[in-house]
Every structure is written in C-alpha cells, then in structure tokens.
Trainee: 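Okay, here's the structure, questions in a sec.
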Amino acid sequence: MTFRERLLNREQVLGTWFTIPSAAAADIICTSGIDFLIIDREHGPHSFETVLASALAAEARGVAPLVRCTHVDQAEILRCLDLGIAGIQVPNIEDVSQLSSLLEFSLYPPEGNRGFSLFTRNGEYGRLPATEMTSKRNDETAIIVNVESIESANAIDELISIDRIDAIFIGLYDLSRSLGRPGDFSSTVFKDAVRKVTDACVAKGKSVGTICATTEVATEFSEMGMNYLVYSVDCNVVRKSYSDFVAAMQSTK
C-alpha cells in the first residue's frame, strides 16, 4: 500500500519534521518505526542533493519521504517530485486558486501539467514506459497542504472540496501568529479554529493532522480525529534530550 493510499484510508500515520541535512541522521530517525519523514525546505537548510540523500535513507527503512516545499513554485515542486519522493507538503495555502496551481504543477496530464522527463529517479532513469510512469505517479503522489492562518481555517470547506488534496496539516504556530498571539495555544479562538478545521476534514473523510510536542498532545489530537501526526522536529528532539540530561545531572550537585 502506498503512503497516499494510507492517507486516503485515514489510517493513523506517524512522522516528524526533518531539518538536519544528513542522510545518516535520516537513517537513524527512520529506525524508530515512524511512517513518514517530512524533509523541510521551508525552514530547514536542505538542498536538492540532501533531499535525495535523505529520501534514499528513508526508503531503505520503509519510511515514506515527503518534502515541504517553500511555496507553490513550479520549478521547486518539479525538482522535488523528480527525485522520486512519496509526496509534497506545501505551506501557506489560503484559497482554491493556489490549490489549482499546486495540482497543475504536481500532476501529469490529464490531471495537471507537470513537466515530463523519463530520465529521473521518478521515472526510474528511463526504465518505466512513459504512459505507465505518468499514471503510476499521479496515483501514488501524495499532496498535503498547510492550513495556517485564520483566513484559510475559515475557508476550510472550500479547500477540502478539492478531492485530489490528500491531507490537511494545521500549522499551529503560524495559525497562532495570524491571530496576533504567536505561540499561545490556550486561547478560545485558537482552539475553535483547530477544532473547525479538524471537524470539517473528518466529516469529509479527509486526513488531517498537525505537529505534536508530546505523546500526551498527540493522543489528544488523535482523540479529536486527527490521523496525520507529526512528532516535534528532529533538531529539537536532539537538543531537548541532551538538555534534559544536563539539567538532571546538575540538579544532583
């Protein structure tokens, strides 16, 4: 079963943000049993070369490599998908016109107008017949969009009316910023916006998820109806682990 099929079935899938541009780090993380790795080009320092190396490491462990592109950019989306990744996640989506461009850039005809070359990892370097490659990749490529402003939260019904969008990711930090209270997840208006997006996706049968700082938070979001659960960020997990060790040892002095 492809990763996209798991999203369409609304299976629970677990992953993390991957910012460290290292195939070795990807390999280590992917031994954990996670389902997907989001290679972050928006806030991380990944080049196309490190995306490829990280994707190869993830796939070797049976983990689906996704890439968060910087924005709806035709050239970037094409280059990421040509690397043979399982799907893309795109930030700051607020209206259907952006979704139309995203689908045009991400899918081959007749569903889109994606640039076409057989001689990429996506085409297995010319091994796949042209017609087989285009239909196969259209079926397999997961397309995930970030809802991370109050405007996009309010437009959620329109956004998820586009069937080919496979999952919605709620960007908690940017959503709180758009409400004028960056990092404050306790306000009623913030919680209402998260609930509004989640409930709309669940009712539509659409996968939905967000970032989870702890297992307790992940459980809470899961009980709310989220199934696309992203645990923290690699650099923060590493930093916090060592910081907790140092703090514990200093407390014994």
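The first residue in the sequence is number 1, and the count goes up from there.
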Trainee: Can I144 be reached from L14 by stepping across I, L, V, M, F, W or Y side chains whose heavy atoms are under 4.5 Å apart?
Mentor: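 Yes, because L14 and I144 connect within a single hydrophobic cluster, where side-chain heavy atoms sit under 4.5 Å apart.
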Trainee: Does E158 offer a backbone N or O that forms a donor-acceptor pair with the side chain of S161 under 3.5 Å?
Mentor: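 Confirmed, S161 side chain pairs with E158 backbone.
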Trainee: Give the minimum heavy-atom separation between A142 and L7, together with the two atoms involved.
Mentor: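 Scanning both residues completely, I find the closest heavy atoms to be CB-CD1, 4.0 Å.
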Trainee: So S176 and R181, side chain to side chain contact (heavy atoms under 4.5 Å, CB included) or not? Walk me through it.
Mentor: CA-CA 5 Å; S176 68; R181 302 176 67 173; 5.6 Å; no
Trainee: If I take atom CD from residue Q250 and atom CZ from residue F245, how far apart are they, to the nearest 0.5 angstrom?
Mentor: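 Those atoms lie 10.0 Å apart.
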Trainee: Working to the nearest 0.5 Å, report the span between OG of S47 and CG of L52.
Mentor: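 Reported value, rounded in 0.5 Å steps: 9.5 Å.
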Trainee: Determine whether I85 and L66 satisfy the following criterion, side chain to side chain contact (heavy atoms under 4.5 Å, CB included), listing intermediate values before the conclusion.
Mentor: CA-CA 6 Å; I85 58 175; L66 309 175; over 6 Å; no
Trainee: Answer whether the closest heavy-atom distance between the side chains of E148 and I93 falls below 4.5 Å.
Mentor: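 Contact flag for E148/I93 side chains = no.
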Trainee: Before giving the answer on side chain to side chain contact (heavy atoms under 4.5 Å, CB included), spell out for I88 and S106 the whole-Å C-alpha distance, their side-chain angles and the decisive distance to 0.1 Å.
Mentor: CA-CA 9 Å; I88 56 170; S106 304; 3.4 Å; yes
Trainee: Taking side chain to side chain donor-acceptor pair (under 3.5 Å) as the definition, give me every residue that meets it alongside N92, ordered by chain and number, with sequence neighbours left out.
Mentor: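 If we apply the side chain to side chain donor-acceptor pair (under 3.5 Å) test to N92, skipping adjacent residues, there are no hits.
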Trainee: Could D244 and K240 be called an ion pair, given the rule that one side-chain N must be under 4.0 Å from one carboxylate O?
Mentor: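 Answer for the salt bridge query: yes.
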Trainee: Can you tell me which residue pairs pass the salt bridge (charged side-chain N to carboxylate O under 4.0 Å, His left out) test with a partner in residues 201-214, sequence neighbours excluded?
Mentor: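 Listed once each, the pairs would be none.
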Trainee: Between T210 and I170, is there a donor-acceptor pair closer than 3.5 Å when you use the side chain of the first and the backbone of the second?
Mentor: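 Yes: the side chain of T210 pairs with the backbone of I170.
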Trainee: Is there a continuous path of hydrophobic side-chain contacts, each under 4.5 Å between heavy atoms, that joins F105 to Y108?
Mentor: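 No, no single cluster joins them.
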Trainee: Are E124 and R137 ion-paired here, with the side-chain N under 4.0 Å from a carboxylate O?
Mentor: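 Yes, E124 and R137 are salt-bridged.
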Trainee: Give the intermediate values and the outcome of side chain to side chain contact (heavy atoms under 4.5 Å, CB included) for residues L83 and R121.
Mentor: CA-CA 5 Å; L83 296 176; R121 183 168 185 264; 5.5 Å; no
Trainee: What residues, two or more places apart in sequence or in another chain, satisfy ring-ring contact (aromatic ring centres under 6.0 Å, His included) together with F185?
Mentor: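 Y173, F190.
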Trainee: Listed by chain and number, what are the side chain to side chain donor-acceptor pair (under 3.5 Å) partners of S186, not counting sequence neighbours?
Mentor: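 Partners of S186 by the side chain to side chain donor-acceptor pair (under 3.5 Å) criterion, ordered by chain and then number, come out as D184.
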Trainee: Indicate yes or no: at least one non-hydrogen side-chain atom of T50 is less than 4.5 angstrom from one of S22.
Mentor: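 Side chain of T50 against side chain of S22, heavy atoms only: no contact under 4.5 Å found.
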Trainee: Taking only residues two or more places apart in sequence or in another chain, which ones pass side chain to side chain contact (heavy atoms under 4.5 Å, CB included) with D73?
Mentor: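 Listed in chain order: H71, A75, E76.
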Trainee: Salt bridge check, K136 against D139: does any charged N sit closer than 4.0 Å to a carboxylate O?
Mentor: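 No.
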Trainee: Which pairs pass salt bridge (charged side-chain N to carboxylate O under 4.0 Å, His left out) with one or both residues in residues 87-110, sequence neighbours excluded?
Mentor: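 Passing the test, one end in residues 87-110: no pairs.
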Trainee: Looking at every heavy atom in both C80 and R41, which two are closest together, and how far apart are they?
Mentor: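 Reported closest heavy-atom pair: SG-CD, 4.0 Å.
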Trainee: Can a side-chain donor-acceptor contact be found between T19 and D234 if the only test is distance below 3.5 angstrom?
Mentor: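 Yes, T19 and D234 have a side-chain donor paired with an acceptor closer than 3.5 Å.
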Trainee: To the nearest 0.5 Å, what is the distance between CD1 on I39 and OG on S54?
Mentor: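 Rounded to the nearest 0.5 Å, the CD1-OG separation comes out at 5.0 Å.
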Trainee: Where is the tightest heavy-atom contact between V72 and I77, given as atom of each residue plus distance?
Mentor: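 Closest pair (atom of V72, atom of I77, distance): CA-CD1, 4.3 Å.
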Trainee: How about S97 and S100: does a side-chain donor come under 3.5 Å of a side-chain acceptor?
Mentor: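 No - no donor-acceptor pair under 3.5 Å links their side chains.
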Trainee: Excluding sequence neighbours, so at least two apart, what forms side chain to side chain donor-acceptor pair (under 3.5 Å) with R4?
Mentor: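 Partners of R4 by the side chain to side chain donor-acceptor pair (under 3.5 Å) criterion, ordered by chain and then number, come out as D166.
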Trainee: Tell me, please, which residues at least two apart from A130 pass side chain to side chain contact (heavy atoms under 4.5 Å, CB included).
Mentor: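 A130 satisfies side chain to side chain contact (heavy atoms under 4.5 Å, CB included) with F116, L118 once adjacent residues are dropped.
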Trainee: Show the nearest heavy-atom pair for residues P91 and R68, with the distance to one decimal.
Mentor: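 Taking P91 first and R68 second, the nearest heavy atoms are CD-CG, 4.2 Å.
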Trainee: Tell me, do V90 and N146 make a side-chain contact under 4.5 Å, heavy atoms counted?
Mentor: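 Side chain of V90 against side chain of N146, heavy atoms only: no contact under 4.5 Å found.
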Trainee: Can you find a pair of side-chain heavy atoms, one from P21 and one from H46, that are under 4.5 Å apart?
Mentor: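 The answer is yes; the side chains approach within 4.5 Å.
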Trainee: Using the rule that Ile, Leu, Val, Met, Phe, Trp and Tyr join whenever any side-chain heavy atoms are under 4.5 Å apart, tell me whether I28 and V238 fall into a single cluster.
Mentor: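 No, I28 does not connect to V238 through the hydrophobic network.
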Trainee: Can you find a pair of side-chain heavy atoms, one from I143 and one from L102, that are under 4.5 Å apart?
Mentor: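 SC-SC contact between I143 and L102 confirmed.
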Trainee: Evaluate the criterion side chain to side chain donor-acceptor pair (under 3.5 Å) for residue pair T219 and S222; output intermediate values, then yes/no.
Mentor: CA-CA 5 Å; T219 299; S222 177; over 6 Å; no
Trainee: Which residues satisfy the side chain to side chain donor-acceptor pair (under 3.5 Å) test with Q98, sequence neighbours excluded?
Mentor: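 Per chain and number, Q98 pairs via side chain to side chain donor-acceptor pair (under 3.5 Å) with no residue.
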Trainee: As an exercise, state the distance from OG1 of T141 to CG of L103, rounded to the nearest 0.5 Å.
Mentor: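 So the gap between those two atoms works out to 11.5 Å.
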Trainee: Same hydrophobic cluster for L56 and I34, using side-chain heavy-atom links shorter than 4.5 Å among ILVMFWY?
Mentor: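 As far as the 4.5 Å side-chain criterion goes, I34 and L56 are connected within one cluster.
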Trainee: Once you round to the nearest 0.5 Å, how far does CD1 of I211 lie from CG of L172?
Mentor: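 It comes to 7.5 Å.
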Trainee: Just distance, no hydrogens or angles: give the donor-acceptor pairs under 3.5 Å from side chains in residues 224-233, sequence neighbours left out.
Mentor:
residue : atom : partner : partner atom : Å
N227    : OD1  : R10     : NH2          : 3.3
N227    : OD1  : V208    : N            : 3.1
N227    : ND2  : E11     : O            : 2.8
N227    : ND2  : S207    : OG           : 2.9
Y228    : OH   : Q89     : OE1          : 2.7
S232    : OG   : N236    : ND2          : 3.4

Trainee: Could you tell me if the side chain of W17 sits less than 4.5 Å from the side chain of H43, heavy atoms only?
Mentor: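 H43 does not reach W17 side chain to side chain.
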Trainee: Show me the pairs that pass salt bridge (charged side-chain N to carboxylate O under 4.0 Å, His left out) and involve residues 16-35, at least two apart or across chains.
Mentor: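 Found R6-D35, D27-R61.
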Trainee: Within the side chain of S241, is there an N or O that forms a donor-acceptor pair under 3.5 Å with the backbone of V237?
Mentor: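 Flag not set: sc S241 to bb V237 has no pair under 3.5 Å.
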Trainee: Holding to side chain to side chain contact (heavy atoms under 4.5 Å, CB included), I want the full list of residues that pass it with A58, two or more places apart in sequence or in another chain.
Mentor: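 Residues passing side chain to side chain contact (heavy atoms under 4.5 Å, CB included) with A58: C30, L37, V63, P65.
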Trainee: Below 4.5 Å, heavy atoms only, C-beta onward: do R114 and D82 meet side chain to side chain?
Mentor: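 The answer is yes; the side chains approach within 4.5 Å.
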Trainee: Taking the side chain as every heavy atom from C-beta outward, state whether L159 and I165 have any atom pair closer than 4.5 Å.
Mentor: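 Contact flag for L159/I165 side chains = no.
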Trainee: First locate atom CG of N138, then atom CD of E111, and finally report the distance between them rounded to the nearest 0.5 Å.
Mentor: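 Result: 4.5 Å between the selected atoms.
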Trainee: Minimum heavy-atom separation for M249 to T252, with atom names?
Mentor: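 For M249 and T252, the tightest heavy-atom pair comes out as O-OG1, 2.5 Å.
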Trainee: Does one hydrophobic cluster hold both V217 and F169, with members joined at side-chain heavy-atom distances below 4.5 Å?
Mentor: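 Same cluster.
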